Amino acid sequence: MKGRVLIVAGSDSGGGAGIQGDLKTVTMLGAYGATAITALTAQNTQGVFGVHEVPRDFIRQQMELVLQDIGADCLKTGMLHSAPVIETVMRAVEELAPDTPLVADPVMVAKGGHALLDPAAVETLKRLVLPRASLLTPNVPEAEALCGLRIAGREEMIGAAEALKGLGARAVLLKGGHLSGPTVADLLFTADGPEFFEAPRIDTVHTHGTGCTTASAVAAGLAQGMPLRDSIARALAYVRRAIERAPGFGKGHGPLDHAHPLDRG
């Protein structure tokens, strides 16, 4: 086991996304996952039915105890549901792990449509999280909310990713799964410019947790010392296979198969 990832995110009682999906992913890719839970959600494949907030001082305590003892080679943030939570988490990052790479997944809406970020907190996320992110991993709706641009195709994806990088993120992985068409194109935008990763679309509703899984898979790679592009390529391959092998559980957007084998490299 190589590489330590501290995951700061919400819990998913259905096991497909959030902390549960993150830990499965990091473990399967050969890294070590520790957690600081920001919220408890009551959800299944049909939606989110309740959210219980974790007190902010307890979020800070979880982060502090892990970082001071176990340490972390990469940080991954997911559901940070309010401005005060964002402020608490980012203050802890700056004080306890100022030089540790951060993969920030700007979770805003659950697969079933339930809001997981207070709309009033979007500006706080832009102000505090983006400038600290080694990699920002929005999907199309999240990118639109963050940069204020409409994304209909690849040209707009490049413009949005460039805008998000302009807000401070060192690199952006803009996931294209929400766009239509037989091919899914995910865009990596860095100082070297844009690069698309393409794959045939898989016709399935069992995609719950793809965003969390992708970000955590990249974080595992960075924690293991892999270059960013290699981390992303491995993450996308892992997620694709997890979708292909989804067990079909539940009556709605089902979970992935996080437990499938993948050459760890």
Side-chain angles (χ1 to χ4, degrees), residues 5-27 33-67 72 74-93 102-122 124-126 128-130 132-133 135-139 141-142 145-146 175 207-220 239 250 252-256 258:
V5 182
L6 173 57
I7 304 154
V8 185
S11 167
D12 172 5
S13 59
I19 287 288
Q20 288 84 342
D22 295 331
L23 282 175
K24 295 172 187 177
T25 299
V26 168
T27 301
T35 66
I37 298 176
T38 59
L40 307 177
T41 69
Q43 62 176 293
N44 56 24
T45 67
Q46 299 179 80
V48 178
F49 298 89
V51 177
H52 182 72
E53 298 185 4
V54 173
R56 295 191 301 276
D57 58 348
F58 192 69
I59 296 173
R60 162 78 187 214
Q61 185 179 27
Q62 294 174 82
M63 295 179 67
E64 188 171 317
L65 290 172
V66 170
L67 290 169
C74 189
L75 308 173
K76 185 264 181 176
T77 56
M79 179 183 174
L80 308 177
H81 49 283
S82 68
V85 168
I86 295 170
E87 291 166 353
T88 296
V89 168
M90 296 314 298
R91 188 178 302 116
V93 168
L102 168 64
V103 176
D105 186 20
V107 175
M108 294 184 179
V109 179
K111 189 73 68 179
H114 190 284
L116 298 178
L117 175 69
D118 182 350
V122 172
T124 304
L125 189 150
K126 291 166 63 175
L128 296 181
V129 178
L130 269 64
R132 179 59 179 79
L135 179 69
L136 184 73
T137 64
N139 58 31
E142 291 162 349
L146 288 170
K175 298 165 293 185
T207 56
H208 179 58
T210 51
C212 301
T213 300
T214 301
S216 289
V218 176
V239 171
H253 295 283
L256 315 180
H258 289 95

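Starting from 1, each residue takes its place in the sequence as its number. This is a predicted model, so every value here is computed, not measured.
Residues satisfying the side-chain contact (heavy atoms from CB on, under 4.5 Å) test with A215, not counting sequence neighbours, are K76, V103, D105, T137. Looking at residues two or more places apart in sequence or on another chain, you find a side-chain contact (heavy atoms from CB on, under 4.5 Å) between L40 and S11, I37, H52.
Taking both residues in full, the closest heavy atoms of D12 and G16 are given as OD2-N, 3.2 Å, listed atom of the first, atom of the second, then distance. The two residues Q20 and S13 make their nearest non-hydrogen contact at NE2-N, 4.3 Å. For the residue pair K175 and G211, the shortest heavy atom distance occurs at NZ-CA, 3.4 Å.
Using a 4.5 Å heavy-atom cutoff, the side chains of M79 and T41 are in contact. Using a 4.5 Å cut-off on side-chain heavy atoms (C-beta onward), R56 and V85 make contact. Taking 4.5 Å as the limit, some side-chain heavy atom of Q62 sits within range of a side-chain heavy atom of V54. By the 4.5 Å heavy-atom criterion applied to side chains, L102 and M90 are counted as neighbours. Here the side chains of L146 and L125 are in contact, with some heavy-atom distance below 4.5 Å. The closest side-chain heavy-atom distance from T124 to L80 is not below 4.5 Å. In this structure, P106 and V129 have side chains that are not in contact, with every pair of non-hydrogen atoms separated by 4.5 Å or more.
I7 CD1 to L23 CG: the interatomic distance, rounded to the nearest 0.5 Å, is 4.5 Å. Summarising the geometry, atom OG1 belonging to T38 is positioned 7.0 Å from atom CD1 belonging to I19; distances are rounded to the nearest 0.5 Å. Taking OG1 of T88 as the start and CD of Q61 as the end, the distance is 13.0 Å to the nearest 0.5 Å. Here the straight-line distance linking atom CG of N139 with atom OG1 of T214 works out to 10.0 Å at 0.5 Å rounding.
No side-chain donor from either of H208 and T45 sits under 3.5 Å from a side-chain acceptor of the other.
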